[in-house]
Protein chains: 4
Amino acid sequence: MSGVNKVILIGHLGKDPEVRHLDGNVSVASFPLATSESYNKDGKRIEQTEWHNIVMWRGLADVAAKYLQKGKLVYIEGKLRTRSFEDKEGHKKYSTEIVAENFTLLGRKTDFEPNNNSASSSTAAEPSAEANKNLGTGEFGKDEDERDLPF
Amino acid sequence: MSGVNKVILIGHLGKDPEVRHLDGNVSVASFPLATSESYNKDGKRIEQTEWHNIVMWRGLADVAAKYLQKGKLVYIEGKLRTRSFEDKEGHKKYSTEIVAENFTLLGRKTDFEPNNNSASSSTAAEPSAEANKNLGTGEFGKDEDERDLPF
Amino acid sequence: MSGVNKVILIGHLGKDPEVRHLDGNVSVASFPLATSESYNKDGKRIEQTEWHNIVMWRGLADVAAKYLQKGKLVYIEGKLRTRSFEDKEGHKKYSTEIVAENFTLLGRKTDFEPNNNSASSSTAAEPSAEANKNLGTGEFGKDEDERDLPF
Amino acid sequence: MSGVNKVILIGHLGKDPEVRHLDGNVSVASFPLATSESYNKDGKRIEQTEWHNIVMWRGLADVAAKYLQKGKLVYIEGKLRTRSFEDKEGHKKYSTEIVAENFTLLGRKTDFEPNNNSASSSTAAEPSAEANKNLGTGEFGKDEDERDLPF
DNA sequence: TTTT
DNA sequence: TTTT
């Protein structure tokens with residue numbers, strides 16, 4: 001018997017993805033994602049931010065390492081998983097993570113450049129009055145194919 | 001700035017909802033929900049169950065108290081919220097909950113009876129070879145209206 | 001540039017799936033699905049039914065042919081696709097379909113039997129006061145593996 | 001009995017919203033939305049665009065008229081509805097629409113300015129190397145409150 | 001054309 | 001702690 005366990009988030013990365021390599025060359029990327037909600041209370045605009053622990057595996061982790069960076073806006077689809085572990089003092093703790101199944105970059109075209117040339121990319125952007133047309137999305141993780149030029 | 005924080009679950013209640021009443025007569029219902037996923041590993045069928053802490057507020061909590069019970073199958077839509085608290089020993093802990101925004105009962109018609117007559121409902125059901133036709137869904141929480149006869 | 005195009009439905013099949021086999025042995029299954037919404041208007045309970053054209057391809061079509069039948073309750077995840085075509089009189093028409101990516105059977109265990117023994121299944125059910133415990137879900141389409149015993 | 005009928009889209013507006021006012025001062029906004037999907041076929045990058053007819057009612061239509069414009073990137077949540085009608089020649093036709101329940105603007109902060117000053121906004125943007133920080137989202141339609149300054 |  |  002099976003069920004449904006689905007999470008859909010749109011938010012900004014709080015940090016660059018941290019990538020580890022496990023046995024058998026398996027990649028795991030993880031990073032915090034902030035989703036913000038704003039509402040009115042007593043006439044004031046309140047903004048409430050929720051932080052999520054995102055985890056990506058294998059091919060998806062590799063694309064994340066390449067295209068995701070602190071501050072970027074991203075759509076993530078995944079599932080909830082709660083792990084239990086003991087901290088250094090031996091106390092049992094729980095951590096709930098979102099295991100991502102695919103993601104889509106949201107934002108301007110210039111946000112979709114790979115990370116390695118991050119120094120130059122900030123100057124390469126050259127945004128102009130035309131930048132408005134460059135809004136778009138880059139989708140990852142639906143297929144398992146290698147995609148070096150995903151958009 | 002706002003984002004998207006959405007969870008969609010289909011699973012079974014692990015316990016009856018526990019309902020508390022806060023100041024100002026605000027109801028809060030909470031219960032664990034199991035979503036199961038099964039997959040093949042080395043030719044064996046593995047079933048993995050994930051447990052979620054569901055929280056419902058106000059009107060939704062009242063309907064939950066009335067219609068949800070341990071074992072029932074339910075569709076839940078909500079958002080993630082992580083609270084931090086200190087346990088009895090003063091250690092900081094985190095708890096991630098799904099704050100439900102609406103739910104839909106899935107299952108047979110006889111599952112949609114209110115909870116108070118649970119003793120009689122088990123006999124009132126009179127399931128037969130025709131029971132197959134009684135599968136259906138009962139939806140809650142989309143409107144804020146009082147719904148004493150929601151289906 | 002990519003985007004998000006996602007549909008989530010829970011409803012009943014209006015007919016048995018119709019399966020065709022295209023060139024290269026590609027299977028396509030299609031069937032109508034009803035999702036019902038009920039609300040109060042002027043003190044009366046109104047039920048509004050929406051019909052969706054569901055299409056499933058390849059492996060998913062084969063599992064659909066095996067496990068889905070008129071009347072069954074199912075969770076479907078997919079994407080929207082609008083096709084244009086000319087009817088017999090040469091008038092241009094549009095048809096919007098949901099191309100399913102995975103589905104999960106909702107209902108009692110006895111609903112999860114393959115279709116070929118449909119005659120016997122109606123008597124094999126033997127529902128009792130215990131039948132309540134038999135609610136569950138059977139998930140399909142997440143992996144591309146052959147699954148002859150999917151639950 | 002009720003079910004689930006949910007659509008989640010992220011895409012660009014193909015035109016400015018067209019707003020009509022029905023009897024009783026009810027607003028209806030409608031516009032086409034493009035969601036694009038790209039995949040590799042025979043080593044070539046194929047981009048396939050799907051067009052959706054979006055409809056928004058009442059308060060949501062008013063916010064749409066104010067903040068949505070041709071080209072903007074938006075997250076939309078809603079439900080499917082298929083209407084039948086007769087064209088001028090008396091032929092029966094079907095139109096499937098997404099009735100939006102809420103939406104969130106995605107893109108740069110400068111995209112979140114109201115529509116009336118569209119001429120100046122293109123110059124007011126003054127994007128810079130810092131523009132990267134201005135990515136964000138503005139959410140609408142969750143509450144029914146008036147929101148003149150929604151972010 | 002489903003389901004209640 | 002559910003369900004199969």
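Predicted model, so just to flag it, every value in this text is computed and none were measured. Every heavy atom of this structure was used, including side-chain atoms; hydrogens, water molecules and symmetry mates were not.
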Participant: Write down the distance between OH (C/Tyr75) and P (E/dT3), rounded to a whole number of angstrom.
Facilitator: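 To the nearest whole Å, that distance equals 22 Å.
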Participant: How many Å lie between NZ on B/Lys72 and P on F/dT3, as a whole number?
Facilitator: 12 Å
Participant: Is any side-chain heavy atom of C/Tyr94 closer than 4.5 Å to a side-chain heavy atom of D/Tyr94?
Facilitator: no
Participant: Contact between B/Leu106 and B/Ile10 at the side-chain level, heavy atoms closer than 4.5 Å - yes or no?
Facilitator: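 The answer is yes, as the side chains (C-beta and beyond) meet within the 4.5 Å cut-off.
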Participant: Scan the side chains in residues 73-81 of chain C for donor-acceptor partners under 3.5 Å anywhere in the protein, sequence neighbours excluded, and list what turns up.
Facilitator:
residue	atom	partner	partner atom	Å
C/Tyr75	OH	C/Glu77	OE1	2.9
C/Glu77	OE2	A/Lys6	NZ	3.0
C/Glu77	OE2	C/Lys6	NZ	2.7
C/Lys79	NZ	D/Glu37	OE1	3.1
C/Lys79	NZ	D/Glu37	OE2	3.0
C/Arg81	NH2	C/Glu97	OE1	2.6

Participant: What is the separation between atom CG on C/Leu105 and atom P on F/dT3, rounded to the nearest whole Å?
Facilitator: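 Result: 19 Å.
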Participant: What integer distance in Å separates B/Lys15:NZ from F/dT3:C1'?
Facilitator: 17 Å
Participant: Which nucleotide, E/dT2, E/dT3, F/dT3, lies nearest any side-chain atom of C/Glu47?
Facilitator: E/dT3
Participant: Could you give the CG-to-C1' distance, from C/Leu13 to E/dT3, as a whole number of Å?
Facilitator: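 C/Leu13 atom CG is separated from E/dT3 atom C1' by 11 Å.
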Participant: Have a look at B/Thr49 and say if it touches a base, only the backbone sugar-phosphate, or nothing, with a 4.0 Å heavy-atom cut-off.
Facilitator: base
Participant: Check for me: is C/Trp51 stacked on E/dT1 by the 5.5 Å centroid and 30° plane-angle rule?
Facilitator: yes
Participant: Provide, to the nearest angstrom, the distance between the CD atom belonging to B/Glu50 and the P atom belonging to F/dT2.
Facilitator: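 Result: 16 Å.
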Participant: I need the CG-P distance between C/Leu73 and F/dT3, as an integer number of Å.
Facilitator: 18 Å
Participant: Taking only residues two or more places apart in sequence, or in another chain, which ones meet B/Ser95 in a side chain to side chain donor-acceptor pair (under 3.5 Å)?
Facilitator: none
Participant: What nucleotide among F/dT3, E/dT2, F/dT1 has an atom nearest to a side-chain atom of C/Ser36?
Facilitator: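 When the side chain of C/Ser36 is considered, E/dT2 is the closest of F/dT3, E/dT2, F/dT1.
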Participant: What integer distance in Å separates B/Leu33:CG from F/dT1:P?
Facilitator: 16 Å
